[in-house]
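This report concerns only the one structure given below.
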Amino acid sequence: MKRRNLLQLGLGSMLPPQLWAAAPDAPRLLVVFLRGAYDAANLLVPTSSSFYYEARPNIAIGKAAALPLDAHWGLAPAVADSIHPLWLKGQAAFVPFAGSNDTSRSHFETQDHIELGQPDEGSRDFRSGFMNRLAGVLGAGTVTGSRLEAMAFTDQVPLILRGDLPVANQALRELGKPGINAAQAQVIAGMYANTRLHGVVSGGFEVREEVSREMAGEMEAASRGAIATKGFALEARRVARLMRERVTLGFIDVGGWDTHVGEGGATGQLATKLGELGRGLALFADEMGPQWQNTVVVVVSEFGRTFRENGNRGTDHGHGSAYWVLGGGVKGGRVAGEQVEVKAATLFQNRDYPVLNEYRSLLGGLFRRMYGLNDAQLAAVFPGASARDAGLI
């Protein structure tokens, strides 16, 4: 079997180690896709907005709990020990009101839209993702001479890395497990048999199971097989070692962000996932060592969530999101990009964050800075887009 076919089947790890070596001074790019649409407003908190607190009476993160970033924004306390230290070092920036112009609010359609990176209008070529085109422009590919340069840390090569150039993939272990499984719930309920709490306990587990069944299908589908946040935190150092030594273009997706029910605020479901994600990214940065200075991590999601909480103390499918940009050479410690005051009148369709920083323009400006790409090269990566420099590098 040819090496190209081995790589496309996810068997890149079987290649001899001497074939795996990236240029030591080459820029590293890791794109982290949060599948399921995370709630950006409970990560990058608009603390100066009274409307935020009115719209989220149960799930808002209080001003005292949020870590102050500037006069308008705070950071979720869940990442106090991971992302906030990077912010203080000037190695983390956030871009609110970011995303695509897709308004379908469909996980699948919008994920495809972003991964392809093609014009909003017209037909799409599902054989060509924007990271594969970037690899082509950079002359990278998967194996050039003795260098393995592009890799997806996923079960299959994702849309974003499909294209003319062969790309390796390496699946990560799925380590996230539910806190209480069905058998354990049955044992616990049995402990309360013949007591006055039996009905409450068994009824509670029944409701939990019903809600879980209801939401599990959508959550699993929206995640598209992506690793859970806990799994990412545990595998981050392995990803970093591969990128430090062998890979210059990397992609990983992290699932479980579809928070329709019981999202929580400073603590709870979303905060737990953000904490695990943050710790994974901090471990990644640490393991990169001196190469962290040459590395940029971009965290994206298909869209944001509704700004107002719903009747289940969660949030529904929205529009604009907030992107993260991390790295040793990033001009961080600031909230970048075009912004608008957060109030009812500035919501998109009276429900969501607007998209003011279109992702192709934003990433195009970033890639120009990282790689020195000219207009023709950027047009090959993002056809029809105009790069906008947000000063992130």
Side-chain angles (χ1 to χ4, degrees), residues 34 36-85 87-88 92-99 103 105 211 215 229 256-278 299-324 333-357:
L34 306 185
Y38 90 105
D39 182 16
N42 269 18
L43 178 279
L44 184 63
V45 184
T47 50
S48 67
S49 170
S50 60
F51 178 60
Y52 168 75
Y53 295 100
E54 295 167 9
R56 298 182 169 214
N58 297 294
I59 67 171
I61 295 177
K63 292 181 182 180
L67 307 168
L69 301 182
D70 61 23
H72 302 290
W73 302 98
L75 192 61
V79 295
D81 61 349
S82 56
I83 304 303
H84 192 240
W87 168 276
L88 295 176
F94 297 96
V95 184
F97 312 112
T103 58
R105 297 188 178 88
V211 172
M215 301 306 300
T229 50
W257 301 96
D258 205 16
T259 50
H260 289 284
V261 178
E263 178 179 312
T267 61
Q269 176 190 171
L270 177 63
T272 297
K273 293 182 184 298
L274 288 172
E276 291 167 347
L277 176 68
V299 181
V300 306
S301 198
E302 62 261 41
F303 44 70
R305 314 292 297 185
T306 48
F307 195 75
R308 298 177 180 88
E309 68 178 67
N310 62 27
N312 293 314
R313 298 192 177 191
T315 50
D316 299 320
H317 299 180
H319 190 46
S321 185
Y323 288 2
W324 318 12
R334 64 197 185 90
V335 180
E338 186 177 343
Q339 300 174 43
V340 68
E341 183 181 353
V342 177
K343 56 184 181 180
T346 60
L347 292 183
F348 175 73
Q349 296 181 348
N350 192 35
R351 52 174 282 161
D352 312 317
Y353 272 158
V355 170
L356 305 178
N357 300 290

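On a predicted model such as this, the values are computed, not experimentally measured, just so you know.
- With sequence neighbours excluded, the residues forming a side-chain hydrogen bond (donor to acceptor under 3.5 Å, both in side chains) with Q339 are W73, listed by chain and number.
- Applying the side chain to side chain contact (heavy atoms under 4.5 Å, CB included) test to L356 and every residue at least two apart in sequence or in another chain returns F97, E338, V340, P354.
- For H317 and F303, the ring centers are positioned less than 6.0 Å apart.
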Could you go through F348 and Y353, starting from their C-alpha distance and side-chain angles, then the distance that decides it, and tell me whether this counts as side-chain contact (heavy atoms from CB on, under 4.5 Å)? CA-CA 6 Å; F348 175 73; Y353 272 158; over 6 Å; no
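- Within the model, atoms OG1 of T229 and CG of L270 stand 10.0 Å from one another, a figure rounded to the nearest 0.5 Å.
- Legend: side-chain hydrogen bond (donor to acceptor under 3.5 Å, both in side chains) pairs involving residues 40-49, not counting sequence neighbours, sorted by first then second residue: N42-Y52, N42-R56, N42-E263, S48-H72.
- Judged by distance alone, the side chain of D70 and the main-chain N or O of V335 form no donor-acceptor pair under 3.5 Å.
- W324 and F94 have perpendicular rings, their planes meeting at more than 60° on a 0 to 90° scale where under 30° would count as parallel.
- Side chains of N310 and R305: no donor on one and acceptor on the other come within 3.5 Å.
- For S321 (side chain) and S301 (main-chain N/O), no donor-acceptor pair under 3.5 Å exists by modelled atom type.
- A distance of 3.5 Å separates CG of N58 from CZ of R313, quoted to the nearest 0.5 Å.
- Each of L43, L274, V45 was evaluated against L75; a single residue qualifies, L43, per the side chain to side chain contact (heavy atoms under 4.5 Å, CB included) test.
- Judged by distance alone, with hydrogens and angles left aside, the side-chain atoms of Y38 form no donor-acceptor pair with the main-chain N or O of T259 at under 3.5 Å.
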